[in-house]
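Here is the structure we will look at, set down as structure tokens.
Sequential numbering from 1 along the given sequence is applied to the chain's residues.
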Amino acid sequence: MENKKLKYIVEALFDKPIDDKELLVNRNKELEYLNKIAYFQPMGIFGVCGETGVGKTTTLNFIDAENAKKLYILITEKDSKEVIIGDFLYKLSLLQINSKNKKIRKLATEARNFILNEMSYNTSYGGGVSLAANVSYEKSINNKKRFNIYSVKEYIDILLSLLIEEYGKVLIIIDELDKEKKEEVLNILDSLKSVLFKENIITIVSLPFSIYREYSNDRMRWNESGNLENIFKDMVYLEPLTSEDIKKMILKRIKEYPDYFEMDALDEIATFSDGNPRDALWIAQQVVLFNTDKNKITKELVKKGIRKIISQNLNNSLSFTDIQKTILKELAKEPVDRTTLVKRLEKKVKRQTVYTYINRMKDEGIILEKSGILYLPSKIKYYVEIL
């Protein structure tokens, strides 16, 4: 294949958040609801949840805050509650340091300098020569990145008030929290809740699926308040894309060469992805790079590429016992409930052993469960096929 065409296809399949709405696939319903939250809700923290790679950042990018000033903030410093709030103030200040509003610009500059001075003082204190010989390294580490929390909160409160005065309403989007562990995410949001819970401030954050599951359980409890309800007002869950959506997404991206992938090759890519756009783009790009001498990608080329990748990656990271292999091979035939699976295997494996292994492999993400039905992720199914 000519290099110009190949370069176009590989770049089109590169996994990154899109900024062209024409490339967006099947997120209109979620975006419509998020736009309603931004427009109608008076205040509060709201979540966008889903598995990693399902398109949370892309969805956040397309929220249309027509009646609000939209601010995009990435929290990177997470050492402590003080540091989290200090980092939020620093990022908020940077966004407003060139504001046309003199009051906002002046306060943003002052707040940024305050944080930088605090960081400089404390880092130098922590890493410098101590006056007392017995001051340990551990103590100096603990003194790094400490802020006067009351001053930080006051800066945030005044800056947000000025922004509300200027724009009427402010939409704050905090991304990348879905990359953190659940405990880290809750620590960050619990730290920020006191400064963000303000009239005409709407905050929307990306969250891992584990938090959505716990939040849903909290909401469904009868006459009992859950922990997450104290932080979140509502959550939007991004479902995995359908196979048709995955195929449409790829075809939209390579629109100049729509016949490059045969349709059954796209079917195989969609099956491998389990509805995850990131996985679909990754495997499609890998197959292209494996076959740069081909003018068209067939189903067999995709299957060959998947087997190669599965062998290289999972063989080096997974090892199953004979009992695990027996369970996985049975489950690869068709999704079933636990009772049926145990019944099918009881002549080969003890009942309690099957239940123990099912729970263990569920915790590791090797076996999935939905509405009481056990099934294998497609990557594991491909792996089982080559065992």
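- Under a 3.5 Å cut-off, the side chain of Lys70 and the backbone N or O of Ile63 do form a donor-acceptor pair.
- Within the 3.5 Å criterion, the main-chain N or O of Lys299 finds no donor-acceptor partner in the side chain of Glu268.
- At a cut-off of 3.5 Å, with distance as the only test, a side-chain donor of Asp234 or Tyr33 sits close to an acceptor on the other residue.
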Output, in order, the C-alpha distance, side-chain angles, deciding distance and verdict of side-chain contact (heavy atoms from CB on, under 4.5 Å) for Leu328 and Ile366. CA-CA 9 Å; Leu328 292 174; Ile366 295 167; 3.9 Å; yes
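- Put simply, Val336 and Leu368 are part of two different groups of oily side chains (I, L, V, M, F, W, Y) that touch within less than 4.5 Å, one to the next.
- Formation of a donor-acceptor pair under 3.5 Å by the Arg105 side chain with backbone atoms of Ser99 is found in this model.
- Contact annotation: the side chain of Arg253 approaches that of Ile18 to within less than 4.5 Å [non-hydrogen atoms, C-beta and beyond].
- Judged by distance alone, the side chain of Ser273 and the main-chain N or O of Ala270 form a donor-acceptor pair under 3.5 Å.
- By the 4.5 Å heavy-atom criterion applied to side chains, Thr321 and Tyr357 are counted as neighbours.
- Remark: Lys296 does not engage Asp259 in a salt bridge, criterion side-chain N to carboxylate O under 4.0 Å.
- Tyr155 has its ring centre less than 6.0 Å from the ring centre of Phe114.
- One hydrophobic cluster, built from ILVMFWY side chains closer than 4.5 Å, cannot hold both Tyr375 and Ile358; they sit in different ones.
- Looking at Arg27 and Glu30, a side-chain N of the basic residue comes within less than 4.0 Å of a carboxylate O on the acidic one, giving a salt bridge.
- Considering only heavy atoms from C-beta on, Lys255 stays 4.5 Å or farther from Leu251 through its side chain.
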Show your reasoning for whether side-chain hydrogen bond (donor to acceptor under 3.5 Å, both in side chains) applies to Glu77 and Tyr90. CA-CA 10 Å; Glu77 304 297 318; Tyr90 180 74; over 6 Å; no
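- A salt bridge links Lys36 with Glu32: at least one charged nitrogen is closer than 4.0 Å to a carboxylate oxygen.
- Between the side chain of Asn276 and the backbone N or O of Thr52, at least one donor-acceptor pair lies under 3.5 Å.
- Taking 4.5 Å as the limit, every side-chain heavy atom of Asp64 sits out of range of all side-chain heavy atoms of Leu34.
- Annotation: cation-pi pair Lys379/Phe272 present, NZ/CZ under 6.0 Å from the ring centroid and within 45° of its normal.
- Side-chain contact of Asn26 with Asp245: a donor-acceptor pair under 3.5 Å is present, judged by distance alone.
- With respect to Lys198 and Asp157, a salt bridge is recorded, a charged nitrogen being found less than 4.0 Å from a carboxylate O.
- When side chains are defined from C-beta on, Leu289 counts as touching Val10, because their heavy atoms get closer than 4.5 Å.
- Each side-chain hydrogen bond (donor to acceptor under 3.5 Å, both in side chains) pair with one or both residues in residues 329-340, not counting sequence neighbours, appears once here: Glu330-Lys333, Glu334-Arg344, Asp337-Thr340, Arg338-Asn359, Arg338-Glu369.
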Show the numbers, then the answer: is there a side-chain contact (heavy atoms from CB on, under 4.5 Å) between Asn291 and Val287? CA-CA 6 Å; Asn291 297 281; Val287 170; 3.7 Å; yes
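- Between the side chain of Lys56 and the backbone N or O of Glu51 there is at least one donor-acceptor pair closer than 3.5 Å.
- Annotation: side chain of Leu24 is in contact with side chain of Leu31 (closest heavy-atom distance under 4.5 Å).
- Between Arg307 and Tyr382 there is no side-chain heavy-atom pair separated by less than 4.5 Å.
- Ring-plane geometry between Tyr257 and Tyr8 is classed as perpendicular, the angle between the planes exceeding 60 degrees on a 0 to 90 degree scale with a lower cut at 30.
- One finds a salt bridge joining Lys7 and Glu11 here, because a Lys/Arg side-chain nitrogen approaches an Asp/Glu carboxylate oxygen to under 4.0 Å.
- Formation of a donor-acceptor pair under 3.5 Å by the Lys169 side chain with backbone atoms of Ala38 is found in this model.
- Under the 3.5 Å distance criterion, with hydrogens and angles disregarded, a donor-acceptor pair is assigned to the side chains of Thr76 and Lys91.
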Determine, step by step, whether Ile149 and Lys153 satisfy the side-chain contact (heavy atoms from CB on, under 4.5 Å) criterion, reporting the C-alpha distance in whole Å, the side-chain angles of both residues, the deciding distance to 0.1 Å, and the verdict. CA-CA 6 Å; Ile149 193 66; Lys153 285 186 174 181; 4.1 Å; yes
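- The closest side-chain heavy-atom distance from Ile115 to Ser93 is not below 4.5 Å.
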